[in-house]
Each structure stands twice: as C-alpha cells, then as structure tokens.
Asker: 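This structure is in structure tokens; I'll ask about it shortly.
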Amino acid sequence: MRYEAPSSFEEASGLLAGETGVTRILAGGTDVLVQLRSGLVEPDLIVDIKRIPGAKDITRTDDGGWRIGAAVSGAEMGEHAELKAAWPGIVEAVELIGSTQVQGRCTMAGNLCNGSPAADSVPAMIAADAIAEVVGPSGTRDVYVEEIPLGPGRTRLEKGDVIAAIRLPARPERAGDAYLRFIPRTEMDIAVVSAGVSLCLDASGKVLDARIGLGAVGPTVVNAAAAADAIIGTTLDDAAIAAMIEAVATACSPIDDKRGTVKFRTKVAGVLAKRAALKAAERAKA
Amino acid sequence: MALDDRFHNRDFKVVGNRVTRPDGIDKVTGRARFGADMTAPGMLIAKVLRSPHAHARINGIDTSKAEALPGVKAVVTYADFASAHAPDDDNLVNCMAKDKALYDGHAVAAVAAISTAVARKALKLIEVDYEVLPHVTDVDEAMKPDAPVLHEDAQDESVPAGTPKNVVRRYEFGHGDVDAGFAQADKVIERSFRTEAAHQGYIEPHACLASYGSDGRADLWCCTQGQYAVRAMCAGMLGMQASDLRVTASEIGGGFGGKTTVFIEPVALALSRKAGKPVKLVMERSEVFRASGPTASTSIDCKIGMTKDGRITAGRAELRYQGGAFPGSPVEFGAMSGFAPYDLENVQAIGWDVVTNRPKQAAYRAPGAPMAAYAVESVIDELCQELGLDPLEVRIRNCAHEGTLSPYGVTYPKIGLEETLKAVQSHPNWTAPLGPNQGRGVACGFWFNFGGNTCVSLNIDEDGTVSLSTGNPDIGGSRASMSQMCAEELGIPYDRVRCSIADTSLLGYNDVTDGSRVTFAVGLATIKAAQDAIKKMCGRAAAIWGIPEDAVEWEDGCAKPAGPNAGEHPPMSLAEIAAVSSQTGGPIAGHYECNADGAGVSFATHLVDVEIDPETGFTKVLRYLVAQDAGKAVNPDYVEGQFQGGAVQGIGWSLNEEYIYGEDGRLQNAGFLDYRIPVASDLPMIDTVIVEVPNPGHPYGVRGVGETSIVPPLAAISNAVSHAIGKRMTQIPMSPPRIVEALEG
Amino acid sequence: MSQIHVTTKINGDETEFLCGPEETLLDVLRDHLGMTGTKEGCGTGDCGACSVTVDGRLVCSCLMLGAEAEGHEIGTIEGVAKGDELHPVQKKFLDHAALQCGICTPGFLVAAKALLDRTLEPTEEEVRYWLAGNLCRCTGYDKIVRAVMDTAAELRGA
Ligand SMILES: Cc1cc2nc3c(=O)[nH]c(=O)nc-3n(C[C@H](O)[C@H](O)[C@H](O)COP(=O)(O)OP(=O)(O)OC[C@H]3O[C@@H](n4cnc5c(N)ncnc54)[C@H](O)[C@@H]3O)c2cc1C
Ligand code: FES
Ligand code: FES
C-alpha cells in the first residue's frame, strides 16, 4: 500500500487515475480505516486530500450559497455559526455522524462516497439539492448529490474522480431544513431510518417548495418527490401530513436486517418525515 | 485476641472510608500496564484463524503455505496440543477446534510471525477443508428431536432417556407441593419469556504474552480474573507441571466473569513453544464477540399463584438455557435463584442445559440469575397489577428472612432483603409523579456470593509499613479494600499498607476473582493474616519486656502489656517493633490460607421509571434506583460503583444488547456499533442506597456486592415498560421494533 | 513495504518516527513509541479508548494513519499531567472513584480535558453527549460525569 498526500485535486485525480490497483481517497478516514482494519479492502493506493489548499475551507459562493471543502470535518461545520444558521438541517445531520472523536475527522463527501444508504448527511443534502464539485481526469464538473449513490458501497463516480467540495444553494426567504434519524441509543449508532426535509414557505405560511430525502429505506438514499408533492401548497395540516406519510411509505423499500425490520422502518420513516417537516417549517417561520 | 470468623460489632477507623485507591495515579496517567501493554525482546505477533461456519467437520488443515511464508515462525492447530492433554477437555477444544468447528469464530489454527501484517497474510494461506453441517443457534430449536446434533455423547444421566442429544443436563430444585399451592391461589398467571444472549462487553480485549523457554519453563502475562486458574488450565493443556508455568496477571480492563477462563493463552504458549520466542496474542474486538464467552440465551416458562391479599401460594419455573457449543450453561444457578428472594411453601424450578452452535458461554455477573429473576419478577408484577396490589407491599409480605428455607435448600442466616425493599419505599423516587407514556417498575434480585480458596501473605517492613500480597486481580478497586481491612486490623493508617497482586509462583492457589468473593474471602484472609502478624509482634514485645506472650495485647496499632502480671511497659507501636525486628528474631510476616465459607447471600431491590415514545418505541430511562445489602461497605465509593455498573449493564441488556445470528449461523453484530452497550448520553444518574445488614460469616460483616446489581434490572425495566405502554412485554431486549410491535399487536 | 518518515510533536516534544503506510497513529504510539497509555478497545472508532488530540481536536487514534500525523501536534494521556502535577480532571477522577478497571480512563481523561479546554460551563447533558464516544462498561458513567462536572466547577472557581 502506498500513501500519497498531493497538493491539488488535479494531482489527486491523476494519482488515482494512474493506479491500476485498488484505491481509496482519505478524507476523514472514519470509513476507510475501519475497512482497512477489517481486511475488507486492501488498497494499493491511499490518497490523502487533507493537505490540499482550500480543502478545509467553508466559503460563500457568488450567488449567496455555500461551498464546503471536501476535507471539512463535521465539527468544523458545527462551529460555523453562519452556515449553521443558513442550513441547520444539513449541519445537524453532519453533526449526528459518530462521536465527538469521529466528528473531529468525518466529512460530508466521505459520507456520500462511502455509499451507505444510512449515511446521515445524504438525505439532508438531497433535500437541500446539494451539488458535488467533481474533479476528474477530464476536468471539473458539477454533479447533483442525489445522482451519486448507486447502491450499498457503490457510487456513480468514476476512476480518477475526486469531490473537491459540496455546494449548497442560496436560501430564499422563509426557508428551513431539518434532519432526524432513529437510532436505538442516543449516540454511536447507524441510522435505522432517517428523513431530511428542506422547504420554503410563502408569506401566508403555505409550503412553496419542498424536498424530502429518506435514509436506510432502500439500497440508496431516496429522494421522496411524491412525499414532497404531498405537502407543497399546504400549510402542513393533518391531511397533508397524512398524505405525506402515505407517500413516504410508498417510497420505502427497506430490508429486514440486524438494525430494523421492514415494518418498523416503513412506519418510523413516516414519523420522522412528519417531525422533520414540522421542524423545518418552524425554522422557516423563525 | 481470639477473634473468630464471625461478625462482631466494632467501631471502624479505616473500613467504611472513601479512600483513594493505591493504583489510582497509575491509572489516570496511563502508566498502568494492561494485557496488551507488555512487550518482550524478540517478540512475535500471533493471529488466530477462525471458522466462518457455524458447524462444520474439519477434514484437514494444510498449513504448509503459511509456514513457507517468510517471517512466519510457527503455526499451530489442535494437533499441537494433542499429545499432552486429556482427550476431552472442553476448554481446550473450545480454544482450538478438534474435528469440528462448532460455531462461527471457533479457532482452527494460529500463526506467530514477525509482524501483524505477516501473521494476517499467513492466515489467508492456511487451507482448511470444511464439510459444512447443518447448524442450530436457538435454544428451543436445539431441543427438537430433528435438530442438528453437536455432540453424540455430551448428555449425562440427569437427562431422561430419549431426550434429544443437545439437551445435556437437567436440574431440579424446590420443596412443597406446587399443584396444591396453585389450588389455594385466587389468581394464577403463567407466561413464557425469552432473553437473548448478552456479552460482558469489557473494554479490554483478551491479551497475553507467552514466553516458553527451551528448559520447558514458561512465563505468561495476561489479563485474567484468575492467574491460578489460567495456570491450571494451560499447564493441563500443554502437559506442563504447574510450577513450570508462572502466570502474572496484568491490570485487567474489565471481565465481569468473561475472563475467568482461557481462550488465547494456551494458543500463545503453544506458539511460543514451537517458535522458541515470546509470542504476543491480542484478540480483535470482533473476535471478542465471536469467540469469547457471552452469556446464555434462554426460554423460560413461569407460573405463580397469589391470593387476593398478596400471598404467593406457589411458584414454578421451567428454564431452558443454551450455553453455546459445550455443556455448562448457567441454568443451574437460574433454577436455584429465581425464587430465592421469597419465603415460599411450594416452589419448583427445573432447568435444562442445552448446547447450540454458539461460542461456549462464560460467566457473566451473577451467571444465570438475571434471566430467571426476569421471569419470576415479571409474573409477580402482573399478578399485583391484576389483583390491584402494591408491588412493593406484596414483595415485603412475601420476602425471605433469616430462617427462610430457600428454594435451593439452604436456610438463610441474617439477610437484608426487607431492608432494601423498605429503603426503596422511603426513597423519593418511589413517589415521584409520572407523566404520559411513563411507567414505573420494581424488581428484586438475589445472588449467592462465594468464598473459596484463598491465600494471603503480608510482610511487616522494617520501616513500619506493610506489604500485602494477595492472589486476585484487582478489577475494580479491591487493592484499596484489602489495604483498608489490613490497616483496620493492624490499627495503622491506610497509607502505610501497600497491596500487590502476586504471580502464581508466590502464593498458594487462589480461586478466580468471581462470585463476588474477593472483598469477602480475600478480605477475611487478609484480616486473619494480619492477626497472624499481630500474634508474632505481640510475641516480640513479650520477649523484649520479658513477660509471657499472653500478657500482651494489641490495641490501636501497638503492643501493650495487659492483665495483672504484665507489669508496666510503654506500648510499642508496629513501627517500633519492626525497627528492632532483626534483634528479636528476624523479619515478621503474617500469613493465612483457607477455603473460605460463610459468604453471605445478597439481595437488592431496583426501581426504575421509563418513558416510551409510542411512535418509535424508543425507551428513555428517567430515574434509576438501586438499594442493595452490602453487609458492610468497606469502601462505599466502590460499592456504589458496583451497584451502578451492574444496573447499567442490566439496562443495556434489557433494551438493546443482543447477539444476532443470521440464517447462516454467523454472528451479525460483532462490534460495539451494533452490539449496543449503553453510552453516557443514554442514562440518568444511577441513585444508590447502601443497606448494611452485617454478614454473620465475616469478621467485619462484609458481603459480596459485585454481582447482585445485574439481577433485577431486566425485570424492573420490563415491568416499567409494560406499565408505560399498557402491554406485558415477554422478551429481552425490548428493542424499539419489539415495543412498536407490542403496541400495534 | 516502504516506511514513511513522519515528523510531529507529541505532548510538546518534537518526535520523529518511521511507520508503515497502513499503520494507525494508535499502532505508532503503542508499538513504536512505547506510549501504551493510549488503549485499544476496538480499533474501529467505537469505544474511544484510543482518544488523543490532534492540534487540540479530539480524535480516535485508531481512525488515523500514522502518516497523517505529519506536521501536527498530538496530545496523549501521557501529556495530561504536567510532570508530577496531575491535571484537575485526573484528581477529580480519583476523588470521585470515576474508574473501576481503568482501561477506559485514559480515553475519558483526554476527552474530558478536550471538553474542559473548550468550556468550563458544560451542562450534564453536554458532558454526556461529548463523552458518548467513550465507552465504559464498569461504572455506568455516573461517577465519571460527576467528576467532569466537578472539575468544571472547580476550574471556573465555583
Ligand atoms: C464510530 C463510528 C460511528 C459512525 N457513525 C456514523 C453515523 O452516525 N452516521 C453516518 O452516516 N456515518 C457514521 N459513520 C461512518 C463515517 O464516519 C461517515 O460515513 C463519514 O462521514 C465518512 O467520512 P470520512 O471523511 O471519514 O470518509 P473516508 O473514510 O475518508 O472516506 C469514505 C469513502 O469515501 C471516499 N471518499 C472520501 N472523500 C472523497 C472525496 N473527496 N471524493 C471522492 N471520494 C471520497 C473514500 O474513498 C472512501 O471510500 C461512523 C463511523 C464510525 C467509525
Ligand atoms: S480503539 Fe479506537 S475507538 Fe476503540
Ligand atoms: S472503568 Fe472499566 S471500562 Fe471504564
């Protein structure tokens, strides 16, 4: 195994593209090191992106959105007051990943690229309609976060692709987001099921636009568009919420496993989507 | 000076104080050395190859490729032990599979190499020819006539002929006529319960360093609850003389019963013998879960009758425990202990020990008792609910006292169960208001406690300090308690005593640190060793003063003339006697050995409030109270710590901890991420009340306190959850999906 | 397997070491530098026994390669006391009997100190969540939480 710490994303991409064996990108390493330890993967090349200038920066984009470098840790996002005010749901999702110790290292891009359907930041990012800035052998391109997951442990990124940053759009007026997950303990668990909701309201309190991401209810994180449609144009009254819960259940295709049953996941997905939608609306009104 | 073993009231000066432990500084600075912290020059690293199958015949093992890998110094399989040991040593076959792999994770071979990386690589080169067999991991399934059979010949005569072969032992306890008792009841409830297997979950994985010399002598450093037991087992398996194997217990990072046996130590010794070099073997966490000794999973039927005014007329339980791939599940203790808190005229408990394709169980804190208590205390709670009775009053009405004939045949001496019930009754938690979706549960628990083989020495050092040697690893502050009792008896300050844990070459056989025995038995031996030294010091003073020995008494750390013929002599302190010891006959030491008897049984009552999220089944523990009889709390800080730690292990087991096996018989959750032990944010503070009803069998009244605290929580929490959701729960753990299921079902 | 040369500061001391590319910082501390105060309970980030700080931030040393330490400042349990003088949180752990077996203690102390370096007014809930990545199987956390709260109170002069 070789360890490289390049000083640009282009260089990182080149190293990865040039390696014929197994490669891993090392952001926080909180997934990669666990895989190394278990012997599940034996990479030939590890590319550490933390020494790339700018990889640890959180910046405002020209259009009023946000650009979060691929090596920014969960703790660093949590300490960024402005980002937290703009995207509280995203930040709370990232802050749910692991312990204080894991927070010191873990990244959103790593969470996304690890390819787990239970990854906490991904439903929130999908709800936010986040974009990944991908540097590949043929240059830099934007890819919607929603398009990246392909199945457990698999993504649509190709050989030599590296995410340089995650971008979040600018927030309109009266917008809010929220993320909730269910775990049997209060910490240190992988989501049994989760829901992220981002919405904005009109002046009368009606939902103008909404997106809902669901975690751990299928092979990838799900964009539950029909569930979002069920609340758009409503004031989140009981009937709208009931319709949303119904649509959430339809969007779920979970499995029975050690962390939960199909029945439980489907039911709790609706509960969490409801609670997250109401919380997001609270925030939008605040 | 003629103190016997029995309790005598006295004013304690050192015992009962919250002293700082002698190993404290080492443990807060990182200096303390645990199992994996030892190294030796030229040391090799060992790794174990484990079966991926739950049940498979091993037709052959080809290690030649691994042996040929550069850097590999030794490979061992069962064949490397075969010459030396008795053919059917379950412990050995558990450490290294013989002709069958009996569970997922069963060791089949091991490698010692110059580095971890090389050892890992070598494991992949070992070729095992497995013939996969059908497997069974569930206790009820394993008892069926058509279940896959693990051993053809493990069943003994206690089991009725014709019973399926996986049922290996039967036990029965009780007295009276239960059917007649049920006939007297106004209400009889019978229910079936299940509990899943839990792991002790110590944070330190098993670790050892073995160094076998060409002279046939060996040194073994390991984290264990009993260095003498390790020596006995390893020497047997390797065909060594006990005295040729010196075992040193490292600091131990938790055990809870799980480190009372061996898993890797004989393997490391065999590798070291073969390689001619020191070998370090440390389990990975996944190996700890797959291949150490979790506790049994169970299936229990329990039937209890009660009169309208709350008298229990009869109790009957049938308990089925699977203890993994070998006989020895703790069902016997379960059958003995479930009804032990109650004074019953009619009681019967039948236990069935069952083998399955799971790792061989090891002791886990009050082994077997929490599950039995869960069944009994749940049914009592339901009876109280149905009959509209107060669950504490009913327990006070039926509880055992001095003179009660226990279900397992012993008549209790003085015990403190009623005191624990009353302590709960007068605690503010008992009357705290409950909100919506909240429930309150109460339950009692019992544990026997043990004494056992004990050997202690102490040296009166020339400067008037005392070096105390005991033979039991200090797993939670026992060096402090021993030093306290030693100082108390000698009449000197606590900080003049230094207690260390001897290796196996220095003292006689000490039983393992289990059965809550150490503070009781080693404390007893320490007190007696101190008395032995006192006797000698009195003799030295008598010689100096020229008076008879029996004219000298020991008081407040000094020898004093006593009685009419003693004359006038200024008292001589321990330090003064020590200072002149070379002129009065040489060094002074005290010693004591015994097989200690009289460990007082111990009882506890727990009270818990929970709140359930009815939409997700999430349980939040709001308040938790432990009231337990400690006899005499030598160091109250550590007594509370035992109460709290045991209660929290019980909380984890009740709510989320369980071994989950897949269809393929493989363990699905061999890590702390999915084997969910409680984390700090899951819990409230754990309130404690130390009840002190002296144990008549110990000079200071000490009872064991370590284990009882894990007995009541399963039932207490289940009762609380059942009240909160209005449905009776009958399976442990009560994970959120199970609670949602109960709510909807 | 070619070794990587790494220059770091550990507990304030300039330290150089060679490590294999696959070795974790925990492996380096324990096996190469003899600093066995940092413990391994799982090797996969779940128990916190291996807690250290990197540039003041709390991390699991089992989840970091030794090579990643290049140019960073590492803090371990061995650096929590200043010479003979225990850090207040170490003293409080002893006063409150916040350890039984002690295997989790180094990790808890490093984690607790990292919390107290950020705030001296943590609530009980904050302490419990901050320490949720540190498993203790012996104590039930009660006395640990009390020790940390009491240290905070003492340090803020309450
Ligand atoms: C104890 C513990 C608890 C955890 N709890 C949670 C939890 O609660 N919720 C949760 O969602 N996860 C959890 N995880 C998993 C993990 O922490 C997260 O998935 C984390 O976000 C991964 O980020 P990382 O930067 O550490 O990724 P890394 O381990 O560095 O990388 C993960 C994967 O992403 C790829 N990758 C990394 N960066 C890039 C990039 N810039 N471009 C392309 N590919 C990249 C890597 O090649 C690798 O395959 C936990 C892990 C541990 C050890
Ligand atoms: S050893 Fe690193 S978290 Fe357990
Ligand atoms: S004191 Fe033993 S694990 Fe914490």
Side-chain angles (χ1 to χ4, degrees), chain A residues 1-7 22-51 56 71-79 92 95-107 110 114 183 185-190, chain C residues 1-6 19-27 40-72 107-108 110-115 118 122 125-135 141:
Chain A
M1 182 177 119
R2 274 188 309 139
Y3 168 87
E4 299 283 355
S7 52
V22 179
T23 62
R24 280 292 182 275
I25 296 166
L26 189 64
T30 59
D31 282 314
V32 169
L33 266 88
V34 173
Q35 293 164 3
L36 285 183
R37 173 62 184 246
S38 68
L40 272 181
V41 285
E42 290 178 22
D44 299 285
L45 171 68
I46 290 250
V47 177
D48 185 350
I49 59 168
K50 287 189 293 300
R51 288 191 217 158
K56 282 195 139 313
V72 172
S73 71
E76 286 159 348
M77 287 177 66
E79 287 158 14
E92 77 193 345
E95 286 193 299
L96 282 174
I97 297 171
S99 56
T100 314
Q101 286 86 338
V102 170
Q103 279 294 307
R105 310 286 289 174
C106 70
T107 66
N114 187 52
I183 54 170
R185 290 182 288 190
T186 53
E187 269 286 358
M188 298 306 286
D189 275 329
I190 301 302
Chain C
M1 226 179 298
S2 63
Q3 299 269 308
I4 300 171
H5 177 261
V6 179
C19 69
E22 75 297 334
E23 283 184 295
T24 64
L25 177 59
L26 178 61
D27 295 336
E40 175 170 324
C42 67
T44 51
D46 303 317
C47 77
C50 65
S51 296
V52 300
T53 55
V54 177
D55 301 332
R57 205 176 273 290
L58 184 66
V59 305
C60 292
S61 59
C62 72
L63 288 184
M64 183 174 158
L65 295 176
E68 291 181 79
E70 173 68 38
H72 294 292
F108 269 100
V110 169
K113 180 172 177 293
L115 171 66
R118 290 166 61 102
E125 194 180 15
E126 279 164 356
V127 171
R128 287 185 180 275
Y129 274 90
W130 181 272
L131 297 176
N134 291 83
L135 300 181
Y141 306 104

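Letters A, B, ... mirror the listed sequences (proteins, then strands); counts begin at 1.
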Asker: Tell me, side chain or backbone of A/S38 under 4.5 Å from chain C's heavy atoms, or both, or neither?
Answerer: neither

Asker: Decide, yes or no, whether a salt bridge links C/R118 with C/E126 under the criterion of side-chain N to carboxylate O below 4.0 Å.
Answerer: no

Asker: Given the options C/L65, C/L131, C/T53, which has more heavy-atom pairs under 4.5 Å with chain A than any of the others?
Answerer: C/L65

Asker: Heavy-atom count around C/E125 CD within 6.0 Å, excluding the residue itself: above 12?
Answerer: no

Asker: Give the C-alpha distance, both sets of side-chain angles, the deciding distance and a yes or no for side-chain contact (heavy atoms from CB on, under 4.5 Å) between A/V47 and A/T23.
Answerer: CA-CA 8 Å; A/V47 177; A/T23 62; 6.0 Å; no

Asker: Using a cut-off of under 4.5 Å for heavy-atom pairs, which of A/D48, A/L26, A/T100, A/I46 has the most such pairs with chain C?
Answerer: A/T100

Asker: Among residues 30-37 of chain A, which residues come closer than 4.5 Å to chain C, judged by heavy atom distances?
Answerer: A/T30, A/L33, A/V34, A/L36, A/R37

Asker: Show, in sequence, the C-alpha distance, side-chain angles and deciding distance for C/V54 and C/M64, and conclude whether the side-chain contact (heavy atoms from CB on, under 4.5 Å) test is met.
Answerer: CA-CA 10 Å; C/V54 177; C/M64 183 174 158; 3.7 Å; yes

Asker: If you count heavy-atom pairs under 4.5 Å between each of A/E42, A/R51, A/R2 and chain C, which one has the most?
Answerer: A/R51

Asker: Would A/Q103 and C/L58 count as a side-chain contact (heavy atoms from CB on, under 4.5 Å) here? Give the steps.
Answerer: CA-CA 9 Å; A/Q103 279 294 307; C/L58 184 66; over 6 Å; no

Asker: Quick check for you: among C/T24, C/V59, C/L135, C/V52, which has the greatest number of heavy-atom pairs under 4.5 Å with chain A?
Answerer: C/V59

Asker: Please state whether the side chain, the backbone, both or neither of C/L115 comes within less than 4.5 Å of a heavy atom of chain A.
Answerer: neither

Asker: Report which part of C/A114 has an atom under 4.5 Å of a heavy atom belonging to chain A: side chain, backbone, both, or neither.
Answerer: neither

